[in-house]
Amino acid sequence: MAAPTGPMASAGPREGARDRHARRFIVGIAAVAALGGALFGYDTGVISGALPFMEGHFGLTSLGEGIITSALLIGAAFGSLIGGRMSDALGRRNSLLWAGAVFIGGALAVALAPDVPFMTVARFVLGLAVGSASVITPLYLSEVAPPHIRGRLVSFNSLMIVSGQLLAYLINAFLAQWAAWRWMLGLAALPAVALFIGLFFLPDTPRWYISKGRQDEAARVLRRTLPAEEVPAELARIDHARSLEADSRRGGRQQLRTPWIRRLLLVGIGLAAVQQITGVNAVVYFAPKILASTGLGTGASITATIAIGVISVLATALGMSLIDRVGRRPLLLTGLAGMTVSLALLGASFHLPHSPGVSILVLGLMVLYMAFMQGTLNTGVWLLLAEMFPLKVRGLAMGAAVFVMWLVNFGVALVFPLLLDAVGAGTTFWFFGAMCVLSLVFCKRYAPETKGLALEDLEDELRKAAGAAPAAA
């Protein structure tokens with residue numbers, strides 16, 4: 001084939017340069033914004049290594065362990081509500097700035113806590129930042145990303161969450177030899193400072209700018225992510241979706257009473273609950289305690305959790321590479337099936353006599369379970385929650401769903417140590433396996449498929465799927 005000539009030839013280098021600039025811009029946004037995900041992961045993962053030493057320092061019982069662990073989670077539940085409303089009112093970027101400041105103060109407070117009440121309050125405050133970031137970060141990324149890479153970009157936040165957990169496990173293992181649990185907790189302030197500073201260099205999202213009538217700023221951001229000829233059409237599509245919702249003259253809370261939106265919200269809440277009732281954070285928070293129950297020593301148990309962190313990162317990276325190709329629903333269903341089998345075997349392994357071999361078997365099955373969980377369910381649920389709600393209620397609805405997610409997370413963290421003492425690890429993990437079966441049925445029936453559609457086109461598809469009348473042109 002002959003080389004192109006004339007205008008087509010001259011357009012090539014310009015097109016390539018524009019693509020490179022767009023790619024660098026999107027990667028820069030993802031790198032800074034997803035620090036919120038990394039902090040989410042670090043602050044939830046670090047407690048697993050700090051707890052064994054805090055137990056001796058503060059004289060904690062199983063209930064005390066549950067309270068300190070879950071204080072962050074109840075804070076995160078309220079933080080998710082605050083973050084959802086704040087992101088709609090102040091913008092995605094400014095809300096992340098607020099979360100970054102609270103991350104810094106919260107990390108220092110938990111590191112310096114003199115007693116259990118102070119630690120509990122400090123963990124609650126830190127949870128406000130964790131919960132806010134858990135809503136705002138995927139929301140921000142989903143609204144900046146072009147449709148063809150939205151799944152991968154939003155899932156990058158999931159990768160950063162598990163990377164933050166892996167970093168926490170590595171630091172825990174290193175500092176465990178000095179029992180330096182305060183340093184484990186306080187080091188979270190460093191990435192929080194990086195997030196806070198980096199956000200000053202980022203814009204807000206085009207969809208938020210348009211929701212506030214700031215079309216020129218929206219156009220400037222879109223020109224940095226899309227070919228110039230596609231910007232007017234994208235502006236028109238976003239503005240059309242916004243105007244349809246504005247014409248209703250109803251606030252976000254009233255919009256949630258619309259039948260098809262209410263149905264979506266209930267599905268989103270169900271997906272949020274599914275992510276937690278299947279047991280992931282029982283492993284994240286209490287992996288050393290679980291391994292120690294098989295006869296493994298404290299130091300070895302903390303070090304062994306590094307394997308869980310490594311496989312979580314690798315599985316999430318694999319899920320990122322698949323989610324825009326195979327779709328959200330197939331990943332959810334495959335992952336839940338694999339988690340069910342893993343938990344059934346894990347529960348059975350605790351009925352074997354304690355030995356080094358059984359400890360290795362338990363660790364291996366925990367790693368297998370986390371591979372299925374992080375590569376499929378965790379990645380898919382966070383992405384769906386960022387995609388499936390209409391613009392008018394996106395922050396509010398996602399905040400409500402994530403609020404439920406954190407409440408269920410809180411319940412699991414509070415009850416899990418007590419369950420271990422009451423019925424043993426085997427029965428506890430069989431319970432989580434049963435929850436996986438119920439979750440599989442729910443996702444097969446209700447989870448939507450959102451692959452490849454612009455957010456505004458997706459809104460029309462979900463409205464039709466719910467049996468509502470299509471939006472007027």
Side-chain angles (χ1 to χ4, degrees), residues 1-34 91-93 138-157 201-247 320-321 323-325 327-328 383 386-392 394 449-464 470-473:
M1 181 181 291
T5 58
M8 292 287 290
S10 61
R14 288 198 302 272
E15 189 72 28
R18 187 167 60 211
D19 288 346
R20 287 193 296 274
H21 287 311
R23 189 161 47 247
R24 282 198 293 268
F25 176 66
I26 292 170
V27 168
I29 283 178
V32 174
R92 300 6 177 173
R93 170 187 167 274
L139 194 62
Y140 185 100
L141 294 173
S142 73
E143 293 187 353
V144 169
H148 65 286
I149 62 166
R150 189 175 64 240
R152 277 172 288 165
L153 191 63
V154 178
S155 297
F156 182 65
N157 182 58
F201 300 95
L202 299 187
D204 217 304
T205 73
R207 288 164 178 82
W208 185 79
Y209 282 135
I210 287 178
S211 75
K212 300 302 179 184
R214 296 160 65 175
Q215 272 79 1
D216 289 345
E217 291 164 281
R220 278 198 293 272
V221 178
L222 286 172
R223 280 193 288 269
R224 301 184 71 178
T225 62
L226 295 172
E229 62 274 13
E230 295 181 16
V231 170
E234 184 67 9
L235 278 171
R237 177 163 47 203
I238 298 170
D239 193 49
H240 177 61
R242 182 201 62 81
S243 64
L244 287 174
E245 290 158 348
D247 286 344
M320 284 176 59
S321 70
I323 201 160
D324 278 324
R325 286 186 283 170
R328 286 52 161 162
L383 178 56
E387 292 178 324
M388 62 188 287
F389 299 117
L391 175 63
K392 179 76 171 179
R394 189 167 295 147
E449 181 54 76
T450 58
K451 181 181 75 169
L453 292 171
L455 291 177
E456 289 67 40
D457 295 336
L458 175 60
E459 182 176 330
D460 287 337
E461 291 295 320
L462 292 172
R463 182 188 285 111
K464 293 173 188 174

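We use all heavy atoms of the structure for the numbers below, so side chains are in, but hydrogens, waters and symmetry mates are not.
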Pairwise distance [atom1]([X]) to [atom2]([Y]) - rounded to 0.5 angstrom:
X	Y	atom1	atom2	answer
Tyr209	Arg92	OH	CZ	11.5 Å
Asp204	Ile210	CG	CD1	12.0 Å
Phe156	Ile29	CZ	CD1	12.5 Å
Glu234	Arg223	CD	CZ	13.5 Å
Leu235	Glu230	CG	CD	12.0 Å
Ile323	Leu383	CD1	CG	4.5 Å

Minimum-distance pair of heavy atoms, taken over all atoms of [X] and [Y]:
X	Y	answer
Ala386	Pro138	CB-O, 3.7 Å
Val221	Pro203	CG2-CB, 3.8 Å
Glu143	Pro206	O-CD, 3.7 Å

Note: Lys212-Glu217 ion pair, threshold 4.0 Å (strictly below): no
